[in-house]
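Along the sequence shown, the residues carry numbers beginning at 1.
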Amino acid sequence: MTYKEKLQQEHPDYVDKKYSGGCLLCPYSYGYESSENSEHACLKLKGDCEACWNREIPGTQRTAEAATPDGSENN
């Protein structure tokens, strides 16, 4: 499961094209990871919010209902 998929499940109103990367704020803002891990990912991805939100959450499994094969959201 990606951070974006988790946000879509828990806070669907915060997933929208109007937000940078398609999501409001950063994964650490929702307790999905530490601020240090989010900052490290941001630097590694050169500020690409979409790539950050589309990272797999460590230790999670992908589920059929989580996303379509191309990674887009199920609605």
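- To the nearest 0.5 Å, the span separating OH on Y32 from CE on M1 amounts to 9.0 Å.
- With rounding to the nearest 0.5 angstrom, the CZ atom of R55 is 11.0 Å from the CG atom of D48.
- Residues G21 and K4 share a closest heavy-atom pair of O-NZ, 4.1 Å.
- Within the 4.5 Å cutoff, the side chain of C52 has heavy atoms near those of the P27 side chain.
- Not counting sequence neighbours, the partners of E10 by the salt bridge (Lys or Arg N to Asp or Glu O under 4.0 Å) test are K6.
- Contact of the H11 side chain with the L24 side chain is not registered, since no non-hydrogen atoms from C-beta on lie closer than 4.5 Å.
- The minimum heavy-atom distance linking S34 with N37 is given by the pair OG-N, 3.0 Å.
- The local environment of OH in Y14 is sparse, with at most 12 non-hydrogen atoms from other residues, nucleotides or ligands closer than 6.0 Å.
- The only option from T2, V15, L25, D13 that meets the side chain to side chain contact (heavy atoms under 4.5 Å, CB included) definition with L7 turns out to be V15.
- E33 places no side-chain N or O within donor-acceptor distance of the main-chain N or O of Y28, the cut-off being under 3.5 Å.
- Between N54 atom CG and C49 atom SG the span is 11.0 Å, to the nearest 0.5 Å.
- With rounding to the nearest 0.5 Å, the separation of CD in E5 from CD in E56 is 6.5 Å.
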